[in-house]
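Quick note: numbers below take in every heavy atom, side chains included, and nothing from hydrogens, waters or symmetry partners. Just so it is clear, the structure is predicted and the values come from calculations on it, not from any experiment. Note on naming: letters A, B, ... go to the chains in the order of the sequence lines (proteins, then strands), and numbering restarts at 1 for each one.
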Number of protein chains: 2
Amino acid sequence: MSVDVAEELRRVGLRATVPRMKVLSFFLDQKQRHFTAEDVCRQVADENLHISFGSIYRVLQQLVEAKILRSGTLHSTRIVYELDNTPDHDHAICVSCGQIEEFHDPLFDARQKEVGERLGFLVVGRQLVLHGYCVKCRAFAPGSTGNSGEQ
Amino acid sequence: MSVDVAEELRRVGLRATVPRMKVLSFFLDQKQRHFTAEDVCRQVADENLHISFGSIYRVLQQLVEAKILRSGTLHSTRIVYELDNTPDHDHAICVSCGQIEEFHDPLFDARQKEVGERLGFLVVGRQLVLHGYCVKCRAFAPGSTGNSGEQ
DNA sequence: TTGTCTGCAAAAGCTTTGCATGAAT
DNA sequence: ATTCATGCAAAGCTTTTGCAGACAA
């Protein structure tokens, strides 16, 4: 596993350094997929090792450039990173517990193209995040019928 | 017009001060709808008047709370403000010139509800931004067929 | 050895906040 | 007169950057 990580890094033209290997294997080892720079920094550290914020951000940026990670903004204005090893997808985030689900719906793609044509836009991508209550948190939802009300 | 602004402010429980009236009438006067705090600060100022960043941010926040403005993040992680006087809508932004179009497509609403059900989510809102090339900038687009390629 | 990377700390960009002064009611 | 808002400047939070020492190849 660690060997693969080193080779993967060299494959994309990066030296196999401790910070880069740690960060990359961190993403590969987790079941959860979405992390901020702070998450990574905190969870990658142990008694023997601390990686500076500067390096964390630099490494994350390089991995994004190498198309090993993707970055975007989901909740707040903080950048969130995820492995770029799955097909294009959108996100649904629970406003109560923060859980993130990924989904893909081909109809959104078709629809977005049509909308683009209506506007004269040549659409090349989108950022779509659904906000709602996940299975575990539905009980805490205020109303009952699930209709749009946010921005 | 200025009178309306003062009354509108009092209606929502805010004193009719110069910074608040200036900011609100700024939004009402523009054809363009989307501004950052810096935009507002810069464009509201003239030789006789300068409103501090602190006040700009405080006023914008209050107007959002009063549901006169909405806030969100469109391009980057900078907060963008717009009048809350139109129905719910999404945004399309030109990656070349930055122009922003608003649109509403009921099929997205229906679709988002279905996707939510598939995930067990009770969807209450969404953030959807299409990225593409506007009419004037289509010529600069790299490929030709407009398919998704971003996050 | 050589060129690249890291840690540190400082800076940068955006937004928020504390406090004394000043304005609205 | 009282209460609330503003300006200023400082601080907060996230992210970026410069530089000297350290490491990978």
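Remark: C1' of dG13(C) and CD of Glu38(B) are 10 Å apart, rounded to the nearest angstrom. Between the CD1 atom of Ile51(B) and the C1' atom of dA5(D) there is a distance of 12 Å, rounded to whole Å. Taking atom CD1 on Ile56(B) and atom C1' on dG13(C), their separation rounds to 17 Å, with Å as the unit. Atom OH of Tyr57(A) and atom P of dC13(D) are 13 Å apart (whole Å). Rounded to whole Å, the distance from CD on Glu65(B) to P on dT16(C) is 11 Å. The distance from atom CG of Leu14(A) to atom P of dT4(C) is 12 Å, rounded to the nearest whole Å.
Classification of the Phe108(A)-Phe103(A) ring pair by plane angle, with boundaries at 30° and 60°, yields tilted.
For dG12(D), its base never sits under 3.5 Å from the side chain of Arg78(A) at any donor and acceptor pair.
For Asp84(B) and Lys67(B), the salt-bridge test fails: no basic side-chain N is under 4.0 Å from an acidic carboxylate O.
Within the 4.0 Å cut-off from OP1 or OP2 of dT25(C), not a single side-chain nitrogen or oxygen of Arg15(B) is found. OP1 or OP2 of dT6(D) sits under 4.0 Å from a side-chain N or O of Thr17(B). Contact annotation: Ser55(A) reaches the phosphate of dG7(C) (side-chain N/O to OP1 or OP2, under 4.0 Å). For Arg10(A) and dA25(D), the shortest distance from a side-chain N or O to OP1 or OP2 is below 4.0 Å.
Taking the centre of each ring, Phe140(B) and Tyr133(B) stay at or above the 6.0 Å mark.
Scanning all heavy atoms of the two residues, the minimum distance from Ile93(B) to Gly98(B) falls at CG1-O, 4.0 Å.
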